[in-house]
Amino acid sequence: MAPSPTGPLHIGTARTSLYNYLFARHVGGTYVLRIEDTDFARSTAEFERDILDNLHWLGITWDEGPQHAGGEDIGPFAPYRQSLRMNRYAREADRLLQSGAAYHCWCTTEELDAVRREQEAAREAPRYNGRCLRLTDAERAQFEAEGRQPVIRLAVPPEMIRFDDLIRGEVEFDNALLGDFVIVRANGVPLYHFVVVVDDEQMEISHVIRGEDHLSNTPKHIALIRALGYREPVFGHIPLILNSDRSKMSKRKSQTAISDYRAQGYLPEAMVNFLAFLGWSPGTEEELFTLDELASRFEVGEVHKAGAVFDRDRLDYLNGVYIRGLTDAELALRLRPFVPETLDDTTLAGLVPLVKERMVRLTDVAELSGFLSEPDDVVASWWSMDDLLPKGRDAAEVSGALAVARDALAERPDWSAEALETAARAAADALEWKAGDLFRPIRLAVTGKAVSPPLFGSMVLLGRDRSLARLDGALERLRAGAAA
RNA sequence: GCCCCCAUCGUCUAGAGGCCUAGGACGCCACCCUUUCAAGGUGGAGAUCACCGGUUCGAAUCCGGUUGGGGGCGCCA
C-alpha cells in the first residue's frame, strides 16, 4: 500500500489499504506500506501522521514500512519513504539515459500546449510528439549552453501492452497512444510513475492492488518495467468508491477523511465491516465480520468490477449494531472521550445501559446525557410551558398532577428506578391519568427534553436532590403560568 | 476528443444456463411491543436483471452491438 501524505487518510485509500491487508493476510504474504512523498510541495509530516495513526485505528497493521510517524522503519528494504530514496531513483534514471531508453527534453510548457491543441483538433490521442528525441547534437548543446534545465522522458516503444488483472482479467492497451511521458522533473525530482516502479522492484513487491483510477496508468508502469529490465508484478485494480451521483468519491461532495468519521463516533470495527463490503461480499447472507474473519474469507478474485456508492445510512446502521454488540464496560471506555470530564466513571457506567441502544454514533451520547452535566437552569431553558402540557390539559391541571407525582416520588425511601416507577404509576392511577401523560411533564422537568433515556433510570443517575429540585422548579413555573 | 473499465430494487449486494414468478441487507411504509425515543418482532411497497440482436430446448447468467455511467490522458499521486 502506498499512500501519499498530501491529505488526511481518505476513505478510498483506507479501503484500498484494507483490501491489501486482507489479501496479504489471507495468503500469508508480507504487507508493505510505503509513503509516496515525492510531491514535496504538498506532502506534510502531519498528513503522514494522520494516515499512519488512522490505519492503526482501523486495525490495519503492516509488516514492512514506517511503524510510526517519525519512527524507525521496519523491514529489509528501508527506508520506506520515497523522499529518502532519491539516490536510488537518480541511479536508475541514469541507467535509462545511458541505454537510450530515456532522453532529455527541453520543450517548454507553451510548446507542449500548442502540440496538444493541434492533436485535439485533429482528434488524435494527446501525447508528446518526441521532438527532443530527434534533436541534433548542436541543438542539444545550444539548450545546455542556455542553461535550460531539461526533464527526462521515457522513450515509450509503440507496442501493445497486455496484462492479466486480478479483478478485471485480461486488459489491453496500445502504448503507441501513450507518448513519451516525463519521469524526472526539470528540478531533478522524479515523478510518481517512475518511482513506484523502481520501489516495487527494489522492495520485491509481488502484487500491486490499487484503485481503478490507476488502471490506465498501468501500461506506463509496464513500459518502465520493461525498459529497466524488472520483474512484472501482478496487478489488481479495485473499483472506486462513489459519491451519490456516481462520480469518484471526493472531498467536495462527501466526507472523505477517516479522522472525521472517527471524531464523529464511528467505531473502527463498523468502518472496516462497511468498507470491506463496498465492493466485495462473501457470497452468503452473513454480513457481520471481524477483521480476522474478513481476512480468512477474503478473495481478491471475488472483488467486484463496478464502483460502489458510499451509503451513509448503511454505515450508521452498522455502527449502531456494533455499539449494541459492545459490553457495557467496553462501551463506557469508548464513550469517555465523547463525554464531559466532569462526568464521573460511576455515573458513566450507569448511563451506558440507558443509552446503548439509542446511539448511532458515539457522539450521540452528548445529546442523550446533557441533562446530567448541565446545571438546572440550563436544563430548564430547554423546555417551554407549551412543551409541558399534554394535549387537552391546562397549566393548573398539570401543576396539580405534577405536585402529586413529585410528593409520591419524594416519599420513597429508596431512590431506585423500580421504586420510582411504582410510585409514579400509583400517582397516575390515583389521578386517573394515563401513565404516559404524567411521565411527560416529569421527563421534561428532569431531563429538559421530550425525548430522553428511560425516565426513572435517568432520575437515579441525576440523584434525588437534583431531580426533586428540577421538579420543584417546573412546579414554580407552572404555578406562575396558571396564575397568569 | 482519444484510450480503458463498468452495467441486478433508491443504495450495498446474492446470483457463475434450468433451483429466479430474481434472494438478503440498508433506507422507506404499516402493525406489534412500549413511560418518550430507540432497540426488537411481524408484514409490505420497491428490479420487465440498461437496451437490441444472437447462441441454446432453456439466459440476469454465454457472445456481439447500442446506450448510459465512470476513470485516465500533468514537470499531481
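Letters go in sequence order (proteins before strands), and every chain restarts at 1. Not measured: the values here are computed from a predicted model.
Residues passing the side-chain contact (heavy atoms from CB on, under 4.5 Å) test with R443(A), sequence neighbours excluded: T447(A), S452(A), L455(A). Qualifying side chain to side chain donor-acceptor pair (under 3.5 Å) partners for D37(A), counting only residues two or more places apart in sequence or in other chains: S83(A). With sequence neighbours excluded, the residues that form a side chain to side chain donor-acceptor pair (under 3.5 Å) with E299(A) are H26(A).
The residue V309(A) sits close only to the backbone: its heavy atoms come under 4.0 Å of sugar-phosphate atoms, none of a base.
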> Where along nucleotides 45-52 of chain B does protein come under 4.0 Å, by heavy atom, of base (B) or sugar-phosphate alone (S), with - for untouched nucleotides?
Replying inline: --------
>> Strictly under 4.0 angstrom, non-hydrogen atoms only: write out the protein contact profile of nucleotides 16-25 of chain B, one letter per nucleotide from the 5' end, B, S or -.
In response: -------SSB
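In a base pair of the Watson-Crick type (N1 to N3 plus N6-O4 or O6-N4) or a G-U wobble (N1-O2 and O6-N3), with each distance short of 3.5 Å, C62(B) is matched with G54(B). When both pairing distances are held under 3.5 Å, A30(B) makes a Watson-Crick or G-U pair with U42(B). When both pairing distances are held under 3.5 Å, G1(B) makes a Watson-Crick or G-U pair with C73(B). With a cut-off of 3.5 Å on both Watson-Crick or G-U wobble distances, the partner of A47(B) is given as none. Across every strand in view, A7(B) sits in a pair with U67(B) that passes the Watson-Crick or G-U test at under 3.5 angstrom.
Note on residues 1-12 of chain A: no pairs pass side-chain hydrogen bond (donor to acceptor under 3.5 Å, both in side chains), not counting sequence neighbours. The ring-ring contact (aromatic ring centres under 6.0 Å, His included) analysis of residues 353-373 of chain A, with sequence neighbours excluded, yields no pairs. Sorted by first and then second residue, the salt bridge (charged side-chain N to carboxylate O under 4.0 Å, His left out) pairs with a member in residues 208-219 of chain A read R168(A)-E212(A), D213(A)-K248(A); sequence neighbours excluded. Pairs passing the salt bridge (charged side-chain N to carboxylate O under 4.0 Å, His left out) check and including a residue from residues 172-201 of chain A, sequence neighbours excluded, read R34(A)-D199(A), R34(A)-D200(A), R85(A)-D199(A), R162(A)-E172(A), E201(A)-R231(A).
Side-chain rings of F439(A) and F456(A) approach one another, their centers coming within less than 6.0 Å.
Nucleotides C5(B) and C9(B) place their P atoms 23 Å apart, quoted to the nearest Å.
Residues from residues 165-182 of chain A with heavy atoms under 4.0 angstrom of RNA chain B, sorted by number: R168(A), V171(A), E172(A), F173(A), L177(A), V182(A). Taken residue by residue, residues 108-118 of chain A places heavy atoms nearer than 4.0 Å to RNA chain B at R116(A).
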Hey, can you pull the donor-acceptor pairs under 3.5 Å for the side chains in residues 303-312 of chain A, sequence neighbours left out?
from: D311(A); atom 1: OD1; to: D313(A); atom 2: N; distance (Å): 3.2
from: R312(A); atom 1: NE; to: Y266(A); atom 2: OH; distance (Å): 2.9
from: R312(A); atom 1: NH2; to: Q264(A); atom 2: OE1; distance (Å): 3.0

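Contact annotation: K220(A) side-chain N/O to C73(B) OP1/OP2 distance is not under 4.0 Å.
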